[in-house]
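To start, the structure itself, in structure tokens.
Throughout, protein chains are lettered first and strands after them, A, B, ... in sequence-line order, and every chain is numbered starting at 1.
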Number of protein chains: 2
Amino acid sequence: MGITKSEEFTAQQNEVAAIAKALGHPARVAIMQFLMGVDSCICGDIVNELPLAQPTISQHLKELKNAGLIQGSVEGNAICYCVNHETINRFLGVVTLFQSKKKFKSACC
Amino acid sequence: MGITKSEEFTAQQNEVAAIAKALGHPARVAIMQFLMGVDSCICGDIVNELPLAQPTISQHLKELKNAGLIQGSVEGNAICYCVNHETINRFLGVVTLFQSKKKFKSACC
DNA sequence: TTTCTATATTGCAATATTACGATATAAATT
DNA sequence: AATTTATATCGTAATATTGCAATATAGAAA
């Protein structure tokens, strides 16, 4: 079908999946790393940094924004993007728990 | 096109994206949480836990395995899956860095 | 060896994603 | 006002994902 049965899962599972999905493209990982590295939250320099056309970058930024991973603010005729720490923290919190709390290894693995 | 320009990005960016992509579906988040919760690395109980058909679960497990997030071992005629901690650690390491190390907030956000 | 149980694979329809040229929008500059 | 600069949106082709019925595989039990 190509359609996810979202309603069958919890809100947290859907949110974590949405964030992970947004990070599930190397260009978007590169954008996050770029935003981390620059001192001010530089805007369209991302387009110059990445090997993709401007509309493609714009689309990737939109997806990161929809997932709550970044936010943008208008600066003159440019737009300034930066990382949204709360979202990343929430995501890290859940993924960290994937490290099971078992003290002993299971029999099989 | 629907095809990602992987060769334009670093191996690390591609690996992180692949792991994130594997976590980018609520069913696969649910599987990871289930594996974390059970004491032994229970196998096909996942099929009973999740609201999806057996072939669909099998496909999701395959994707988690391909991304290195879980591993399976044969136990009689069943298969026992469990979490691969190294992969999760590697992923957490990179995503944690998305929390920029800036001491001061930028002007715009 | 037939049957049962557990899991994987195949095939396919519905839908989503990726990439980008063309074009729109909107503020800054001339 | 016309032009430049920065970003977003639209439209579309190529490809990927999701879900499952049907079927295959393989070990266990009868």
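- Residues Ala67(B) and Ala22(B) approach most closely at CB-CB, 3.5 Å, considering heavy atoms.
- Only Lys62(A), listed by number, bring a heavy atom of residues 60-73 of chain A to less than 4.0 angstrom from any atom of DNA chain D.
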### Query
Yes or no on side-chain contact (heavy atoms from CB on, under 4.5 Å) for Ile88(A) and Val83(A), after CA distance, side-chain angles and deciding distance?
CA-CA 8 Å; Ile88(A) 294 174; Val83(A) 170; 3.3 Å; yes
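- For Phe34(B) against Glu49(B), the heavy-atom pair with the smallest separation is CE1-CG, 3.2 Å.
- Leu61(A) places a side-chain heavy atom less than 4.5 Å from the side chain of Ile46(A).
- At dA8(C), one or more side-chain N or O atoms of Tyr81(B) fall inside 4.0 Å of OP1 or OP2 (strictly under the cut-off).
- Residues of residues 8-19 of chain A that place a heavy atom closer than 4.0 Å to DNA chain C do not occur.
- Here the nucleotide nearest the side chain of Gln59(B), chosen from dA8(C), dC20(D), dT18(C), is dC20(D).
- By the side-chain contact (heavy atoms from CB on, under 4.5 Å) test, Glu63(B) pairs with Arg28(B), Gln59(B), sequence neighbours left out.
- In this entry the distance linking NZ of Lys5(B) with P of dA16(D) reads 15 Å, nearest Å.
- The backbone N or O of Gln54(A) lies less than 3.5 Å from no partner atom in the side chain of Ser58(A), so there is not a single donor-acceptor pair.
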What does the list of N/O pairs under 3.5 Å between the protein and nucleotides 1-6 of chain C look like, with a distance for each?
unit_1 : atom_1 : unit_2   : atom_2 : d
dT5(C) : O2     : Asn77(B) : ND2    : 3.2

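- DNA chain C is contacted by Leu52(A), Ala53(A), Pro55(A), Thr56(A) of residues 48-58 of chain A, taking any non-hydrogen atom closer than 4.0 Å.
- A side-chain donor from one of Gln12(B) and Gln33(A) sits under 3.5 Å from a side-chain acceptor of the other.
- Atom CD1 of Ile3(A) is separated from atom P of dT17(C) by 11 Å (rounded to the nearest Å).
- Ring-plane geometry between Phe91(B) and Phe91(A) is classed as perpendicular, the angle between the planes exceeding 60 degrees on a 0 to 90 degree scale with a lower cut at 30.
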### Message
As a quick check of understanding, evaluate side-chain contact (heavy atoms from CB on, under 4.5 Å) for Asn14(A) and Thr10(A), giving each step before the final call.
### Response
CA-CA 6 Å; Asn14(A) 279 300; Thr10(A) 68; over 6 Å; no
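- For residues 78-91 of chain A, the pairs satisfying salt bridge (charged side-chain N to carboxylate O under 4.0 Å, His left out) are Glu15(A)-Arg90(A), with sequence neighbours left out.
- For the atom pair Leu35(A) CG and Leu64(A) CG, the distance stands at 8.0 Å (nearest 0.5 Å).
- Pairing each heavy atom of Gly68(B) with each of Asn84(B), the nearest pair is O-CB, 3.1 Å.
- Counting to the nearest Å, the P atom of dT15(C) and the NZ atom of Lys21(A) are 14 Å from each other.
- A straight line from CD1 of Ile31(B) to P of dT7(C) spans 12 Å, rounded to a whole angstrom.
- The aromatic rings of His25(B) and Phe9(A) sit perpendicular, their planes meeting at an angle over 60°, well past the 30° parallel limit.
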